Amino acid sequence: QVQLVESGGGLVQPGGSLTLSCALSGRILSIYAMGWYRQDPGKERELVASISPGGTPDYAESVQGRFTISRDNAENTVYLQMNNLKPEDTAIYYCNSVVRGILWDWGQGTQVTVSS
């Protein structure tokens, strides 16, 4: 069973930065395209960034130019570097596969709060 463990969230002021990490159990990350999702209370979960097995990224318009997704397949870890954070980035952030037909059980997520 694949386990997803997100970490790195916290409270930050607007304009600040955070780096999120998502660790997968086992050593299977390299074969999957992965993504970062976020969900704010009262809203649907949305995909904000994804990365192919080879490292090609894609971003939602709302975060493009501010967030950078990366992966370390040897460590089974996906990262999200978040710069110039805005209050609307406040959400719980989750990692999961973006491969069509494959979606593992969600982890606990990591809370990001952007506030003055």
Side-chain angles (χ1 to χ4, degrees):
Q1 184 178 25
V2 174
Q3 293 180 315
L4 303 165
V5 181
E6 299 92 347
S7 62
L11 175 63
V12 65
Q13 294 184 345
S17 298
L18 288 171
T19 299
L20 308 183
S21 299
C22 176
L24 273 68
S25 61
R27 297 184 62 83
I28 62 172
L29 178 64
S30 63
I31 66 173
Y32 295 104
M34 298 295 297
W36 281 97
Y37 303 76
R38 68 185 182 189
Q39 187 170 26
D40 204 25
K43 297 182 178 180
E44 296 294 317
R45 198 192 316 268
E46 64 172 336
L47 179 67
V48 299
S50 63
I51 186 167
S52 74
T56 302
D58 193 28
Y59 302 97
E61 175 67 23
S62 59
V63 307
Q64 192 165 10
R66 300 186 297 117
F67 291 9
T68 302
I69 187 171
S70 62
R71 65 193 300 159
D72 186 337
N73 291 335
E75 297 295 329
N76 274 1
T77 303
V78 182
Y79 302 96
L80 187 67
Q81 176 67 49
M82 311 166 70
N83 297 323
N84 192 23
L85 284 161
K86 303 177 179 180
E88 52 263 42
D89 295 319
T90 296
I92 302 175
Y93 284 72
Y94 303 87
C95 187
N96 215 317
S97 171
V98 296
V99 175
R100 192 182 304 271
I102 299 177
L103 189 66
W104 298 306
D105 290 342
W106 297 100
Q108 83 284 359
T110 186
Q111 176 71 51
V112 172
T113 302
V114 185
S115 176
S116 298

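All residue numbers in this chain count up from 1 along the given sequence. Just so you know, these numbers come straight off a predicted model, no measurement behind them.
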* Check against side-chain contact (heavy atoms from CB on, under 4.5 Å), Met82 and Val12 -> CA-CA 11 Å; Met82 311 166 70; Val12 65; over 6 Å; no
Nearest 0.5 Å, please: how far is [atom2] in [Y] from [atom1] in [X]?
| X | Y | atom1 | atom2 | answer |
| --- | --- | --- | --- | --- |
| Ser52 | Arg71 | OG | CZ | 7.0 Å |
| Tyr32 | Asn73 | OH | CG | 12.5 Å |
| Arg38 | Glu88 | CZ | CD | 8.0 Å |
| Ile69 | Trp36 | CD1 | CH2 | 8.0 Å |
| Leu80 | Thr110 | CG | OG1 | 11.0 Å |
| Asn84 | Ser17 | CG | OG | 8.0 Å |

Establish whether [X] and [Y] are linked, either directly or via other cluster members, by ILVMFWY side-chain heavy-atom contacts under 4.5 Å.
| X | Y | answer |
| --- | --- | --- |
| Ile51 | Tyr94 | no |
| Leu18 | Ile92 | no |
| Tyr79 | Val112 | no |
| Tyr93 | Val2 | yes |
| Leu4 | Val99 | yes |

* To do: Indicate whether the side chain of Gln13 and that of Ser116 have a donor and an acceptor atom separated by less than 3.5 Å.
  => no
* Pair Gln111-Leu11, side-chain contact (heavy atoms from CB on, under 4.5 Å): steps then yes or no -> CA-CA 8 Å; Gln111 176 71 51; Leu11 175 63; over 6 Å; no
* CD of Glu46: more than 12 outside heavy atoms within 6.0 angstrom? ->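 Yes, the 6.0 Å shell around CD holds more than 12 heavy atoms from other groups.
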Side chain [X], main chain [Y], donor-acceptor under 3.5 Å:
| X | Y | answer |
| --- | --- | --- |
| Glu6 | Cys95 | yes |
| Thr77 | Ala23 | no |
| Asn96 | Trp104 | yes |

* Asked: Between Tyr37 and Trp106, is the gap from one ring center to the other below 6.0 Å?
  ->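 Here the rings of Trp106 and Tyr37 have centres that are less than 6.0 Å from each other.
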* Asked: Does any non-hydrogen side-chain atom of Leu24 lie less than 4.5 Å from one of Met34?
  ->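 Touching, per the 4.5 Å side-chain cut-off.
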* Verdict with reasoning, Thr68 to Tyr59, per side-chain contact (heavy atoms from CB on, under 4.5 Å) -> CA-CA 8 Å; Thr68 302; Tyr59 302 97; 3.8 Å; yes
